[in-house]
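The block underneath contains the structure these notes are about, expressed in structure tokens.
Quantities reported herein were computed from a predicted structural model and do not represent experimental measurements. Chain letters run A, B, ... following the sequence lines, proteins first and then strands; every chain starts at 1. When reading the values below, keep in mind they use all heavy atoms of this one structure, side chains included, and skip hydrogens, waters and symmetry mates.
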Amino acid sequence: MSSLKPVRGTHDLLPDDIARHRMVTDTAERISALYAYREIATPIFESTQVFSRTLGDTSDVVTKEMYTFADKGKGSDTLTLRPENTASVMRAFMSNGMAREVPCRFFYRGPMFRYERPQKGRQRQFHQIGIECIGIADALGDVEVIATGAHILKELGVLDRTTLEINTLGDNESRDTYRTRLVEYFSRYEQSLSHDSRQRLTRNPMRILDSKDESDREIVAGAPEMGDAMNHTSRVFFDKVLEHLDLLGINYRKNSRLVRGLDYYCHTAFEFVTTELGAQGAVMAGGRYDGLIAQMGGPATPGVGWAAGVERLAMMIEQPAISNRPISVVPLGEAAFKVACKLVDQLRHGNFSIDFSVSGNMKKRMKRANAIGAVAALILGEDELDRDVVTVRNMHSGEQTEVALSSIEEHLTCYK
RNA sequence: GUGACUGUAGCUCAGUAGGUAGAGCCCCGGCUUGUGGUGCCGGUUGUCGCGGGUUCAAGUCCCGUCAGUCACCCCA
């Protein structure tokens, strides 16, 4: 019995669901192509180290959310279902020796897996789209990446229902300085911090900044600002990003409390957030990850990108209209059935979408044609057969006309 | 992993003080033996999430378990 239910946190995507997903992913693919991104697909599992070495030893994703399993065969690696795709794309970038071809721009889409407690907008198997821009160290790379994302959201009709929040984490030097100051500051309040935040103090002090605990927030209010810890390089970089966002008319809200859960980010961090999806506000999030490729053993190469949740975006868009509305072919009787078989084959090869309706009485078949949204029904009975014609019923208007079999394709062109 | 709430037909839900289940939609048949979408008439919906317990009697009360939702955590 329980085996008939999908595994916890996984969902079947029925035709209407798929239509929404495709609207999201196809739009993203199309728009990102306008920014010269090309699609790439990596395997859905990788050696565990691809993720464990890059996402950060203390991140929740690595410590408790990865689906890791032993491969078959002796002495083989442990494998992990990808919890996100940036590390995989970087691995592919190196595996295929693309370092000499930078800049590289990749778009991806596909399922990701995280062992989390399922909620609305949060599943164990979910789908992401994303882009990675590799090899551009300049702030213009960040701007382009954000602009691509904003363009996709606009095309999906959700941009004005999101807010772009942006912050800078600075370069390594700035980040270390800031981290030290934060630890110093929060240590003084250690007794007053929430249980979670006390743990974050050693694991990831920056996370305390976006704590939702009320007493934490009071302490956070007096915390040192990232801006004050930034060195000249980091400051100039961030200013350039903001300046060009202004130039492109992309609205944003600076949020000095915005931090990242994954270790590899530096400089720009951003999120498009919405209030429409409850606790899962982030619909698209990303940033710069200059140290990642080197950290993975490749040549020092800068990168910037984002990922977006397909399910979350799908919940925000309208249900797209059914894209293929077929023509139903309804033969009546043995002789007509044979003629209809050939007609159906001919029409399908002529690029018509055909629903060949062969079971039940005529009433039932017409009803079914209506239910699947057929644009027309071709009725082929003995009357028609005798005269080499077919009755074409417009399912919208109900009008019927008799058309010679020989010119049927031409007549049906208007239904394509 | 923690807490709260929920779980009745394919779907959305009702079920009153415990007395062995109902509505709408969908589906099926007929009015219409070659015509759908709007009408009328009739019909099938079900281990009441699962497993225990209390009781003469449990959808209803208790415990456990699984799942969903929301919040935390975390994140897309």
Side-chain angles (χ1 to χ4, degrees), chain A residues 1-2 4-11 14 24 28 55-56 58-65 83-86 109-130 149 162 194-197 199-200 203-204 207 210-214 216 258-262 271-274 277-286 305-316 328 330-333 336 357 360-385 391-400:
Chain A
M1 198 57 137
S2 65
L4 287 181
K5 292 157 98 180
V7 170
R8 185 172 198 192
T10 67
H11 292 283
L14 304 182
V24 171
L55 303 180
T58 59
S59 74
D60 278 30
V61 171
V62 169
T63 56
K64 55 190 190 195
E65 295 179 1
E84 58 100 45
N85 208 209
T86 297
R109 53 179 144 192
M112 307 295 158
F113 306 84
R114 290 183 196 173
Y115 184 82
E116 292 187 282
R117 185 125 175 206
Q119 254 177 245
K120 186 176 189 177
R122 194 166 102 181
Q123 303 160 229
R124 290 185 176 179
Q125 176 177 339
F126 60 104
H127 297 78
Q128 287 188 332
I129 49 175
T162 65
S194 66
H195 176 76
D196 286 330
S197 287
Q199 298 211 312
R200 285 188 276 232
R203 294 185 140 208
N204 191 349
R207 287 241 71 114
D210 61 359
S211 171
K212 287 175 187 171
D213 184 274
E214 250 180 62
D216 279 359
L258 178 68
V259 295
R260 290 274 72 134
L262 306 179
E271 282 181 10
F272 285 89
V273 298
T274 178
L277 301 177
Q280 275 63 240
V283 99
M284 176 182 280
W306 52 251
V310 176
E311 282 82 0
R312 293 182 185 180
L313 287 171
M315 283 189 282
M316 293 182 73
S328 273
V330 183
L332 300 164
S357 187
N361 58 28
M362 185 171 188
K363 178 186 171 71
K364 197 167 179 172
R365 293 197 247 172
M366 290 303 288
K367 199 167 180 174
R368 181 180 135 73
N370 184 62
I372 64 170
V375 284
L378 303 193
I379 298 156
L380 189 58
E382 281 172 24
D383 292 356
E384 287 85 355
L385 212 53
T391 298
V392 179
R393 181 179 177 88
N394 180 316
M395 292 298 283
H396 179 66
S397 67
E399 273 178 68
Q400 295 195 175

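- One P atom belongs to C74(B), the other to C11(B), and the distance between them is 36 Å to the nearest Å.
- The NZ atom of Lys212(A) sits 9 Å away from the C1' atom of C73(B) (whole-angstrom rounding).
- Comparing U35(B), G36(B), G34(B) by their closest approach to the side chain of Leu332(A) singles out G34(B).
- Residue Phe113(A) contributes atom CZ, which lies 16 Å from atom P of A76(B) at whole-angstrom precision.
- Looking at heavy-atom distances under 4.0 Å, Gly9(A) makes contact with sugar-phosphate atoms alone, never a base.
- A straight line from CZ of Phe272(A) to P of A76(B) spans 14 Å, rounded to a whole angstrom.
- In this structure, CD on Glu65(A) lies 13.5 Å from CZ on Arg117(A), to the nearest 0.5 angstrom.
- Put simply, CE on Met366(A) is 18 Å from P on U32(B), counting in whole angstrom units.
- Residues Thr274(A) and Arg312(A) have side chains not in contact (no heavy-atom distance under 4.5 Å, counting atoms from C-beta outward).
- Taking atom P on both C31(B) and G37(B), the two are 14 Å apart, rounded to the nearest angstrom.
- Map Ala374(A) and Asp213(A) each onto its nearest nucleotide of RNA chain B; the residue landing nearer the 5' end is Ala374(A).
- Side chains of Asp216(A) and Ser211(A): a donor on one and an acceptor on the other come within 3.5 Å.
- Consecutive Watson-Crick or G-U pairing (both distances under 3.5 Å) extending over three or more pairs maps onto RNA chain B as B:1-7 with B:66-72, B:10-13 with B:22-25, B:27-31 with B:39-43, B:49-53 with B:61-65.
- Heavy atoms of Gly398(A) sit under 4.0 angstrom from at least one base atom.
- Atom P of nucleotide C31(B) and atom CG of Asn361(A) are separated by 11 Å, given to the nearest angstrom.
- G53(B) and U69(B) have their P atoms separated by 32 Å, with the value rounded to a whole Å.
- Across all strands, Met112(A) comes closer than 4.0 Å to no nucleic acid atom at all (heavy-atom distances).
- Contact annotation for Ile379(A): base contact, defined as any heavy-atom pair under 4.0 Å involving a base atom.
- If you check every strand for non-hydrogen atoms under 4.0 Å, Glu116(A) touches a base.
- Among the heavy atoms of the strands lying under 4.0 Å from Ala285(A) are primed sugar atoms or P, OP1, OP2 only; no base atom is included.
- Between the side chains of Glu384(A) and Thr391(A), at least one donor N or O lies within less than 3.5 Å of an accepting N or O.
- Below the 3.5 angstrom threshold, one finds a donor paired with an acceptor across the side chain of Arg122(A) and the base of C74(B).
- Atom pair Glu214(A):CD and C73(B):P shows a separation of 12 Å (rounding to whole Å applied).
- Residue-to-nucleotide contacts include a donor-acceptor pair under 3.5 Å from the side chain of Glu384(A) to the base of G34(B).
- Nearest to the side-chain atoms of Lys364(A) among the listed nucleotides A76(B), C28(B), G34(B) stands C28(B).
- Distance noted for atom P between C56(B) and A17(B): 22 Å (whole Å).
- Going from the C1' atom of U8(B) to that of C13(B) covers 9 Å, rounded to whole Å.
- In terms of position on RNA chain B, the residue among Gly281(A) and Glu399(A) whose nearest nucleotide sits closer to the 5' end is Glu399(A).
- When the C1' atom is compared between G18(B) and U55(B), the two are found 9 Å apart, to the nearest whole Å.
- Here the separation of C72(B) from A14(B), taken at their C1' atoms, is 34 Å to the nearest Å.
- In this structure, NZ of Lys363(A) is placed 9 Å from P of G29(B), rounded to the nearest angstrom.
- Taking CG of Asn361(A) as the start and NZ of Lys367(A) as the end, the distance is 10.5 Å to the nearest 0.5 Å.
- Straight-line distance between the P atoms of U60(B) and G7(B): roughly 11 Å, to the nearest whole Å.
- The separation between Arg117(A) atom CZ and G68(B) atom C1' is 10 Å, rounded to whole Å.
- Among the atoms of the strands shown, only primed sugar atoms or phosphate atoms (P, OP1, OP2) are found under 4.0 Å from some heavy atom of Glu65(A).
- Within 4.0 Å (heavy atoms only), His127(A) reaches no atom of the nucleic acid at all.
- With U35(B), C70(B), A76(B) as the choices, the nucleotide that has an atom nearest any side-chain atom of Gln119(A) turns out to be C70(B).
- Looking at Arg393(A), its side chain comes within 3.5 Å of the base of G36(B) through a donor and an acceptor atom.
- Among the atoms of the strands shown, none is found under 4.0 Å from any heavy atom of Gln199(A).
- Closest contact between the side chain of Asp196(A) and the listed nucleotides U69(B), A76(B), C72(B) involves C72(B).
- Distance alone, capped at 3.5 Å, places no donor-acceptor pair between the Arg124(A) side chain and the Thr10(A) backbone.
- The shortest side-chain heavy-atom distance between Met366(A) and Met395(A) falls under the 4.5 Å cut-off.
- Residues Lys212(A) and Asp196(A) form no side-chain contact, since every pair of their non-hydrogen atoms from C-beta on lies 4.5 Å or further apart.
- Within the model, atoms CG of Leu378(A) and OG of Ser357(A) stand 11.5 Å from one another, a figure rounded to the nearest 0.5 Å.
- Residue side chain Arg365(A) does not reach the base of U35(B) through any donor-acceptor N/O pair under 3.5 Å, judged by distance alone.
- Regarding contacts with the backbone of A67(B), a side-chain N or O of Arg8(A) is found under 4.0 angstrom from either OP1 or OP2.
- Around the CD atom of Glu382(A), the shell of radius 6.0 Å holds no more than 12 heavy atoms that belong to other residues, nucleotides or ligands.
- Side-chain proximity of Lys367(A) to the nucleotides G34(B), G36(B), A76(B) is greatest for G36(B).
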